[in-house]
Amino acid sequence: MKITSEEWDKLDKFQRFARLKVKDEFLLKYLYLNDNDERILDYLFEKPYINNSGHSIDKLFVDDMLAGIVMYYFDKSVSFRDAYSFPLNLKIRVCLDIDNQLKTLHKYGLCFNDVHIDNFLIAEESGHLVDFESVTFFDKDYSWARYYLIYDERKNFDVSKNGDNYKALLSYFSLIYGIDIEKLFSKDGIVYISLLEDLFKNTSISNMVSVVNKNMLLDCPIPNTSDFLPFISDEERVNYDINILKDKVKTLR
C-alpha cells in the first residue's frame, strides 16, 4: 500500500499510538524495518495468509519509502486482558482458533516470540493472533535469544515452538480463569514458570500442568489446548477451580 505523508498525517490514530493508524479495514503500522525484517516479511508473503490473524498482508510505503506493514483491522475485538466476562464456550473456541493460527506459523518455520494476552484478541466470530513484528526464523542465525521464560536461575528457554506454546497456554488460562498469570509470575520481564504448578495445585488441571512443566524442561512437546478440553469445557469444574485460584492469588499479591 502506498500513501503520502500528508495522507498518513490525516489518518486517525489507533488508540494512543501515533505510529499505528486505521485506513478503511486495514491497520497500518509504521516501523523501522531492517533487512532481516524485510526478509521475514517477504517470506510470509509467499505463504498462504493465516486466516483471522494479524499476519502482515502488504508493505506500507509513505512517500515511496518503505515505512511499515499493513494488516487487517479487527475492530470488533478486545484483548484477552479485557475479556474475562465472555461466556466460557466462546473463550474455548477463541483459544482453539488462536492455537491453530500459532500452529500454522510454526509450520512455516517461524516463532512468534511475543506471545502474551494483549496480542490475543477475542471476538464473537473468531480469535485473532496479532502483532507479528517480533517473528523470527527457528534458525539461530536469525533468532534472537529472549529469556522470557525461566524455570529457576539455572534453566532459561530460548526461542522455540515450545516457548511460544507455553506462553500461549498462560494466556489461555488467564482468559479461562480470569487471572493475568503472566503478570502474576513475571519479574523484570521474565516469567518464572516453576510457580505455575504451585498456583494450580489442588485444581482439576494440576496433573496436566505438571506434565506441561516437565515436558518444557525436557524439551518435549507440551500438552496443548485440546488436551485440556475435558477439564475446561465443564463450567462447574472451571468455576470450582476459579474459587481455588482466587484464594491463592490473594496470597501472592
Do other residues, nucleotides or ligands put more than 12 heavy atoms under 6.0 Å from Lys47 NZ?
->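 Counting other residues, nucleotides and ligands, NZ of Lys47 exceeds 12 neighbours.
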
Might you work through the ring-ring contact (aromatic ring centres under 6.0 Å, His included) test for Phe137 and Tyr108, ending with a clear yes or no?
-> CA-CA 9 Å; Phe137 292 100; Tyr108 291 170; over 10 Å; no

Would you name the heavy atoms of [X] and [Y] that are closest together and state the gap between them?
| X | Y | answer |
| --- | --- | --- |
| Phe26 | Tyr73 | C-CB, 3.8 Å |
| Leu102 | Leu129 | CD1-CD2, 4.0 Å |
| Pro221 | Asn162 | CA-OD1, 3.7 Å |
| Leu28 | Ile3 | CD1-CD1, 4.2 Å |
| Leu121 | Ile98 | O-CD1, 3.8 Å |
| Leu105 | Cys111 | CD2-C, 4.1 Å |

Say whether, by atom type as modelled, one donor and one acceptor occur between the side chain of [X] and the main chain of [Y] under 3.5 angstrom.
| X | Y | result |
| --- | --- | --- |
| Glu7 | Thr4 | yes |
| Ser174 | Ile179 | yes |
| Tyr49 | Ser53 | yes |
| Asn34 | Asn36 | yes |
| Lys59 | Met1 | no |
| Asp97 | Gly127 | yes |

Less than 4.5 Å apart, side chain to side chain, heavy atoms only: is that true for [X] and [Y]?
| X | Y | value |
| --- | --- | --- |
| Lys183 | Ile117 | no |
| Ile57 | Val70 | yes |
| Lys29 | Met71 | yes |
| Leu33 | Leu41 | yes |
| Val94 | Phe120 | no |
| Phe132 | Asn119 | no |
| Gln101 | Ser126 | yes |
| Leu229 | Ile92 | yes |

Within this structure, what is the [atom1]-[atom2] distance for the pair [X] and [Y], rounded to the nearest 0.5 Å?
| X | Y | atom1 | atom2 | value |
| --- | --- | --- | --- | --- |
| Asp131 | Phe112 | CG | CZ | 6.0 Å |
| Ile176 | Ile242 | CD1 | CD1 | 8.5 Å |
| Tyr240 | Thr203 | OH | OG1 | 9.5 Å |
| Leu245 | Lys201 | CG | NZ | 14.0 Å |
| Ser233 | Phe228 | OG | CZ | 12.5 Å |
| Ile50 | Asn52 | CD1 | CG | 11.0 Å |

Quick one: side chain to side chain donor-acceptor pair (under 3.5 Å) partners of Ser204, sequence neighbours excluded?
->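 So Ser204 forms a side chain to side chain donor-acceptor pair (under 3.5 Å) with Asp241.
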
Non-neighbouring partners of Asn100 that pass side chain to side chain donor-acceptor pair (under 3.5 Å), sequence neighbours left out =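 Per chain and number, Asn100 pairs via side chain to side chain donor-acceptor pair (under 3.5 Å) with no residue.
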
Intermediate values then yes/no, side-chain contact (heavy atoms from CB on, under 4.5 Å), Val115 and Asp164 = CA-CA 6 Å; Val115 174; Asp164 276 357; 3.9 Å; yes

Out of curiosity, does Ile244 fall in the hydrophobic cluster containing Phe231 (side-chain heavy atoms, cut-off under 4.5 Å, transitive links)?
->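 Shared cluster, no.
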
With the 4.5 Å side-chain cut-off for hydrophobic clustering, are Leu169 and Val211 part of the same group?
->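 No, Leu169 and Val211 fall in different hydrophobic clusters.
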
If you look only at pairs with a residue in residues 226-239, which of them pass as a salt bridge (Lys or Arg N to Asp or Glu O under 4.0 Å), with sequence neighbours excluded?
->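 Every pair satisfying salt bridge (Lys or Arg N to Asp or Glu O under 4.0 Å) with a residue in residues 226-239: there are none.
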
What pairs of residues pass the salt bridge (Lys or Arg N to Asp or Glu O under 4.0 Å) test when at least one of them lies in residues 74-94, not counting sequence neighbours?
->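 Passing the test, one end in residues 74-94: Arg81-Asp118, Arg81-Asp180.
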
State whether Asp114 and Lys167 are salt-bridged, where the test is any N-O pair (Lys NZ or Arg NE/NH1/NH2 against Asp/Glu carboxylate O) under 4.0 Å.
->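 No, Asp114 and Lys167 are not salt-bridged.
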
Trace of the side-chain hydrogen bond (donor to acceptor under 3.5 Å, both in side chains) decision for Asn213 with Tyr166 | CA-CA 9 Å; Asn213 272 9; Tyr166 192 100; 2.5 Å; yes

Is the Tyr172-Tyr177 ring centre distance short of 6.0 angstrom?
->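 No, the ring centres sit 6.0 Å or more apart.
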
Phe80 ring center near Phe86 ring center (under 6.0 Å) =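 For Phe80 and Phe86, the ring centres are not under 6.0 Å apart.
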
With sequence neighbours left out, write down each residue that passes salt bridge (Lys or Arg N to Asp or Glu O under 4.0 Å) with Asp9, or none if nothing qualifies.
->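 Residues passing salt bridge (Lys or Arg N to Asp or Glu O under 4.0 Å) with Asp9: none at all.
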
Of all residues at least two apart in sequence or in a different chain, which pass the salt bridge (Lys or Arg N to Asp or Glu O under 4.0 Å) check with Lys103?
->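 For Lys103 the salt bridge (Lys or Arg N to Asp or Glu O under 4.0 Å) partners, ignoring immediate neighbours, are Asp99.
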
Evaluation steps, side-chain contact (heavy atoms from CB on, under 4.5 Å), between Glu182 and Phe173 = CA-CA 10 Å; Glu182 183 180 276; Phe173 290 163; over 6 Å; no

Let me see the working for Val78 and Ile122 under side-chain contact (heavy atoms from CB on, under 4.5 Å), right down to the final yes or no.
-> CA-CA 6 Å; Val78 296; Ile122 184 171; 3.6 Å; yes

Residue from Leu60, Asp37, Leu20, Ile69 passing side-chain contact (heavy atoms from CB on, under 4.5 Å) with Leu31 |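 Going through the options one by one, the only one that passes is Ile69.
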
